[in-house]
There are 2 protein chains.
Amino acid sequence: MVTNSTKKGEMKCPVTGLLQLIGGKWKPVILYCLRSEKRRFGEISARIPDLSRKVLTEQLKELEEDGLVIRKQFNEIPPRVEYELTVLGKSLAPVLHEMEKWGMENIINK
Amino acid sequence: MVTNSTKKGEMKCPVTGLLQLIGGKWKPVILYCLRSEKRRFGEISARIPDLSRKVLTEQLKELEEDGLVIRKQFNEIPPRVEYELTVLGKSLAPVLHEMEKWGMENIINK
DNA sequence: TGAATTAGTTACCATTTGGTTACTGCTATT
DNA sequence: AATAGCAGTAACCAAATGGTAACTAATTCA
């Protein structure tokens with residue numbers, strides 16, 4: 001049965017559950033961007049030019065709240081902030097990798 | 001570089017590309033629901049109770065337009081319509097399976 | 001006769017999400 | 001004195017998404 005509920009313990013569909021964490025329009029792309037290196041805010045923004053900085057901020061905050069990303073702020077001038085995957089975030093690697101593979105085979109240059 | 005463009009041939013990010021096909025809130029769940037069997041409209045709807053029939057119709061139409069799902073209509077009364085994955089749709093199995101696995105390990109009963 | 005059945009569609013509305021522009025604070029550079 | 005650099009915020013607006021309720025058609029069942 002493909003069902004879900006708001007309470008975690010009652011969640012019945014694993015796919016629905018995962019989508020609640022990374023279901024946004026940009027979240028998989030952001031995680032994919034962070035998959036192997038920590039990156040600064042401006043770096044992520046430059047790599048995903050179609051994503052506005054405002055939305056990027058929001059999505060990163062949600063990813064942080066959901067325990068997928070760590071935000072490290074350095075109190076320097078000019079400011080520096082680095083984003084990095086948590087262990088949980090890194091555990092999404094196989095999912096992202098399959099997404100990447102499928103995209104490579106079925107979309108890029110097709 | 002994680003970039004994308006509207007033209008398929010110019011798409012540079014495989015993840016963004018995949019998301020344009022299955023990036024909706026419900027699409028992965030619908031595909032997951034069809035992964036092993038063809039199903040009737042009402043069956044899918046019953047398995048995803050939080051998804052309204054209107055939205056299900058819309059999403060199935062988009063999936064059909066994108067070549068991931070086949071719609072078979074039998075001109076009977078009462079009407080019968082069956083949905084089934086195409087070859088391309090079936091090729092998403094590894095992606096959906098990794099999603100399912102991650103959900104099982106990290107969300108269900110956690 | 002009248003209800004139930006299925007897979008929708010239509011009209012309408014509410015919510016969520018996404019996007020643009022301008023602005024901040026502090027320092028170093030020109 | 002003005003500007004650039006970074007990582008945002010705030011105010012505002014537009015678009016996408018999601019949801020509800022009522023309606024349809026033709027046949028079967030009670």
Side-chain angles (χ1 to χ4, degrees), chain A residues 2-6 13 15-16 19-31 33-34 37-66 68-84, chain B residues 2-6 13 15-16 18-31 33-34 37-66 69-84:
Chain A
V2 179
T3 319
N4 67 323
S5 107
T6 21
C13 173
V15 174
T16 304
L19 288 176
Q20 282 175 9
L21 293 183
I22 65 159
K25 181 173 172 185
W26 294 109
K27 281 179 185 170
V29 183
I30 295 170
L31 295 169
C33 180
L34 292 171
E37 292 133 286
K38 70 177 70 158
R39 293 197 191 281
R40 299 180 61 170
F41 181 86
E43 244 182 307
I44 306 173
S45 182
R47 281 167 179 271
I48 317 180
D50 290 340
L51 169 57
S52 74
R53 301 166 85 76
K54 190 201 90 174
V55 173
L56 176 55
T57 305
E58 288 167 357
Q59 303 291 297
L60 283 168
K61 197 174 289 174
E62 288 182 19
L63 289 171
E64 197 196 355
E65 283 166 7
D66 289 332
L68 298 173
V69 154
I70 295 163
R71 179 177 185 278
K72 270 188 201 151
Q73 182 173 346
F74 301 82
N75 288 319
E76 306 169 357
I77 298 291
R80 182 155 65 103
V81 179
E82 284 177 354
Y83 292 90
E84 194 180 350
Chain B
V2 178
T3 318
N4 67 323
S5 106
T6 21
C13 174
V15 174
T16 304
L18 172 136
L19 288 176
Q20 282 175 8
L21 293 184
I22 65 158
K25 182 174 174 187
W26 295 108
K27 281 178 185 172
V29 182
I30 295 169
L31 295 169
C33 180
L34 292 172
E37 291 134 286
K38 70 177 68 156
R39 293 198 190 279
R40 299 181 60 171
F41 180 86
E43 246 182 307
I44 305 173
S45 182
R47 281 169 179 271
I48 317 178
D50 290 341
L51 170 57
S52 75
R53 301 165 86 74
K54 191 200 91 175
V55 173
L56 176 56
T57 306
E58 288 167 0
Q59 303 291 297
L60 283 169
K61 198 175 286 172
E62 287 182 23
L63 289 171
E64 197 196 354
E65 283 166 9
D66 289 333
V69 153
I70 296 164
R71 179 177 185 278
K72 270 188 202 151
Q73 182 173 346
F74 301 82
N75 288 319
E76 304 170 357
I77 297 295
R80 182 155 66 102
V81 179
E82 284 178 355
Y83 292 91
E84 195 180 348

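Quick note on labels: first sequence line is chain A, next is B, and so on, each numbered from 1.
For A/Leu51 and D/dG8, the CG to P distance is 13 Å, given to the nearest whole Å. Residue B/Arg53 contributes atom CZ, which lies 13 Å from atom C1' of D/dT20 at whole-angstrom precision. Atom-to-atom, CG of B/Asp50 to C1' of D/dG18 comes out at 12 Å; the value is rounded to the nearest Å. At whole-Å resolution of the value, CD1 in B/Ile48 and P in D/dG19 are 12 Å apart. To the nearest angstrom, C1' of D/dC12 lies 13 Å from CD of A/Glu58. Nucleotide D/dC6 holds its C1' atom 11 Å from the CD atom of A/Glu76, rounded to whole Å. In this structure, the CG atom of A/Asn75 is 13 Å from the P atom of D/dA7, given to the nearest Å.
Residue-level contact check: A/Tyr83 touches the backbone only, with heavy atoms under 4.0 Å from sugar-phosphate atoms and none from bases. As judged by a 4.0 angstrom heavy-atom cut-off over every strand, A/Glu43 is placed among residues making no nucleic acid contact. Among the heavy atoms of the strands lying under 4.0 Å from B/Arg40 are primed sugar atoms or P, OP1, OP2 only; no base atom is included.
Annotation: side chain of B/Pro28 is in contact with side chain of A/Leu19 (closest heavy-atom distance under 4.5 Å). In this structure, A/Arg39 and A/Cys33 have side chains that are in contact, with non-hydrogen atoms separated by less than 4.5 Å. The side-chain heavy atoms of A/Val69 and A/Leu31, taken from C-beta on, include a pair separated by under 4.5 Å. Here the side chains of B/Lys38 and B/Leu34 are not in contact, with every heavy-atom distance at 4.5 Å or above. For the pair A/Ile44 and A/Leu51, the minimum side-chain heavy-atom distance is 4.5 Å or more. Counting heavy atoms from C-beta outward, A/Glu82 and A/Phe74 have side chains that approach closer than 4.5 Å.
OP1 or OP2 of D/dG8 lies within a sub-4.0 Å distance of a side-chain N or O belonging to A/Arg71.
Nucleotides of DNA chain C with any atom under 4.0 Å from a heavy atom of chain A span, from 5' to 3', C/dG18 to C/dT27.
The nearest heavy atom of DNA chain C to B/Gln73 and to A/Gly24 marks one nucleotide each, and the one closer to the 5' end goes with B/Gln73.
Here the side chain of A/Val81 is nearest to one of D/dT9, D/dG19, D/dA7, namely D/dA7.
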Quiz item: How would nucleotides 21-30 of chain D be written as a contact map, 5' to 3', with B for base contact, S for sugar-phosphate-only contact and - for no contact, using protein heavy atoms under 4.0 Å?
Solution: -----BS---
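Using a 4.0 Å cut-off between charged side-chain N and carboxylate O, A/Glu84 and A/Lys72 make a salt bridge.
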Scan the side chains in residues 55-62 of chain B for donor-acceptor partners under 3.5 Å anywhere in the protein, sequence neighbours excluded, and list what turns up.
| unit_1 | atom_1 | unit_2 | atom_2 | d |
| --- | --- | --- | --- | --- |
| B/Thr57 | OG1 | B/Arg53 | O | 2.8 |
| B/Glu62 | OE1 | B/Lys27 | NZ | 2.7 |

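For the side chain to side chain donor-acceptor pair (under 3.5 Å) test with B/Tyr83, the passing option among B/Arg40, B/Glu37, B/Arg71 is B/Arg71; the others fail.
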